[in-house]
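On a predicted model such as this, the values are computed, not experimentally measured, just so you know. In what follows, chains carry the letters A, B, and so on, assigned in the order in which the sequence lines appear, proteins first and then strands, with residues in each chain numbered from 1.
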There are 2 protein chains.
Amino acid sequence: MTQKMPTLQDVAQLAGVSTATVSRTLSSPDQVSESTRKRVSQAVEKSGYRINRVARNLRTQKAHSVLVLLPDLANPFFSSILEGISGNLSQRGYSMLIASTKQVHASGDRLIDYLDDARADGMIILDGGLSPEVVDTLDNVPRSKPILFACEWIEGANFPSVRSENRKATRTAIRYLHGLGHEKIAHVTGPTGNVLMHARKDAFVGEMAKLELELRPEWLIPGDFSLNAGCRAAATWIDMKDRPTAVFCASDLLAFGFISELSRNGFKVPQDVSVMGFDDIDFASQFIPPLTSMRQDRHRIGVTAATMLLERLAATASIDGDAHDNENAAIVPVTLIERESTAAPPKGS
Amino acid sequence: MTQKMPTLQDVAQLAGVSTATVSRTLSSPDQVSESTRKRVSQAVEKSGYRINRVARNLRTQKAHSVLVLLPDLANPFFSSILEGISGNLSQRGYSMLIASTKQVHASGDRLIDYLDDARADGMIILDGGLSPEVVDTLDNVPRSKPILFACEWIEGANFPSVRSENRKATRTAIRYLHGLGHEKIAHVTGPTGNVLMHARKDAFVGEMAKLELELRPEWLIPGDFSLNAGCRAAATWIDMKDRPTAVFCASDLLAFGFISELSRNGFKVPQDVSVMGFDDIDFASQFIPPLTSMRQDRHRIGVTAATMLLERLAATASIDGDAHDNENAAIVPVTLIERESTAAPPKGS
DNA sequence: CTGAAAGCGCTTACAG
DNA sequence: CTGAAAGCGCTTACAG
């Protein structure tokens, strides 16, 4: 029952030519005479031949696939990015392999096994929180197997990356709140150690100083990017004697959690406090109230990452030398999406 | 610079044995004497040898990877399922390849190309909306390349599948609302033609009849699974003269959209109307109000799907004959999660 | 323009 | 327990 797939041999026999000719007809048809080409094409058609990519990959020493590494597959933040990557990849004949750093650890594999064992030609990493040991192993990867970071990156390491303009976006957010009349602005941060957390927090602190606004230490509320941290931050806000009138959250999830907890305690957004998020995930527009946020173009980040990786793949293949990192980081713009969770501060505050 | 990976040959030389022995040491160590095993292991260690899976796959005629096909990569509903699949797969040494039906169409590939061209050993399909032509091509796939549907399925086709107990869950939901005192219950349905939409709608109609509750045609509000459809459904509800006191939505997104639109128009949930969803996505607990929903165990669906596919893979490999579909569908339980979007109906309604 | 032949890096009967 | 050898299905210099 297990019908065997026809091979190049079968097609060659059918067409009365050598396997070399069939192979050429398929991969570089201009090297084959028209009549032969026609005969081969018919044989391919008739036999229902499909090239065996595993064999081709072994022969050409390419996997024609890219590994994408996420911190957590269950996090919906990544889905649009994946779509961008995958769409771009498949257009160019590449497949997308996915693994999460959590799982990689659990299964005892090393990250670069995917690269070492020829399953993937390169890798896009969406997790800046890799342990130093793992980062070290990354350095030993031959340059013919490009590695690229997207969204997050490793401070100090020199991998190419695609990023949102986190700092600029943060400044835009603060200026927007200030423009509404807010002077007491708090920031709920991302997780400690996270590069995005630092970029946004630094920019926040810097911009507050630049606008000559007071920034009390307690107005930097530590969080992570989760809903729950947002809830906790809201509790912190509620407990303050002198409450900030606006809160800039480092993620939309934080903002959602913040607003939810507030509403459970009888506070209203934006009447009692303006809240804004970062990311503009799908949900932001449907939340109650619709959330003002800084939109990261996640699809574009994905597309850009795939494009850059493929470029590096092509470069190492042809030049095979120093296709060096002339353009080491692509910065993707972030846009302010104004909705109803922000307004002028309450009077008399 | 492009340092070549060591091969079996290199290890064999280092250890002073044949490649066959190295190979055996790696894949069936019990066939090798302890002293040899030790020598080989040291050579492996020393050379930093990693098996080349592409070569192994070509030789063994297995890809050791599974293709997962989604309707839409950007839909966060699938992320937990993917995590379940991927976790299970990687534990057993398989990789996960991902493609979306949208993209497959766009790139002009045929679905089964992944199977035909030896990139994947089998495939898990999360999209019941494949066109009849595509479904036809699926029938021609040799049984050594198992195909399995998860979440959704194709009515009439005979593929194994993993599903939530949609009908039972719907009955549970209706009985719950009825138990709260609701008699006028509407249902916002999924997209026309979708198998889940039908399962849930049928079960809804059946249960309403069983409970001897009136069901006006207009109380079956057509939707799809999206936020926007939920908003539209809310507009429909608002326009009714005699409004249902409870609305059972076929997805959480529908429920979110429904509630959002209501709140924009000054209605309150659950005071004015009880709303419940289906899926219990992460967000449901953080929505305002927290959403009552039927929880689909998406992680478990993923794990089960991967397990079933791997079983079939093993079965066809060993028996190579009729490892027939004794257990053709796994049904995953759904649980009622009661939160604050549902309550007793408003008095005097 | 075409073919014979080597080889990508493994695995696995077959002998011994 | 171990090795020599064939072969998985391709691609690609090398000749002609």
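- Under the 3.5 Å distance criterion, with hydrogens and angles disregarded, no donor-acceptor pair is assigned to the side chains of B:D10 and B:S47.
- Looking at every heavy atom in both residues, B:L89 comes nearest to B:A306 through CD1-CB, 3.8 Å.
- In DNA chain D, consecutive stretches of 3 or more Watson-Crick or G-U wobble pairs with both distances under 3.5 Å are given as paired ranges: C:1-3 with D:14-16, C:5-12 with D:5-12, C:14-16 with D:1-3.
- The closest donor-acceptor contact from the side chain of A:D121 to the backbone of A:V66 lies at 3.5 Å or more, if one exists at all.
- Annotation: C:dT11 and C:dA15 have their P atoms spaced 22 Å apart (nearest Å).
- Identified under the side chain to side chain donor-acceptor pair (under 3.5 Å) test for residues 12-27 of chain B, with sequence neighbours left out: B:S18-B:T21.
- Not counting sequence neighbours, the partners of B:S95 by the side-chain contact (heavy atoms from CB on, under 4.5 Å) test are A:L97, A:Y114, A:R119, B:S65.
- Here the separation of D:dA5 from D:dC1, taken at their P atoms, is 23 Å to the nearest Å.
- Separating the P atom of D:dC10 from that of D:dC14 is a span of 24 Å, rounded to the nearest Å.
- Residues passing the side-chain contact (heavy atoms from CB on, under 4.5 Å) test with B:I51 are B:Y49, B:R53, B:R56, sequence neighbours excluded.
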**Request:** Determine, for nucleotides 2-10 of chain D in 5'-to-3' order, which nucleotides have protein heavy atoms under 4.0 Å from the base (write B), from only the sugar-phosphate (write S), or from neither (write -).
**Result:** BBB-BBBBB

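- Using modelled atom types, one finds a donor on one side chain and an acceptor on the other under 3.5 Å when comparing A:T307 with A:N88.
- For D:dG9 and D:dA13, the P atoms lie 23 Å apart once the distance is rounded to whole Å.
- Partners of A:F78 according to the ring pair (Phe, Tyr, Trp, His ring centres under 6.0 Å) rule, which considers only residues two or more places apart in sequence or in another chain, do not exist here.
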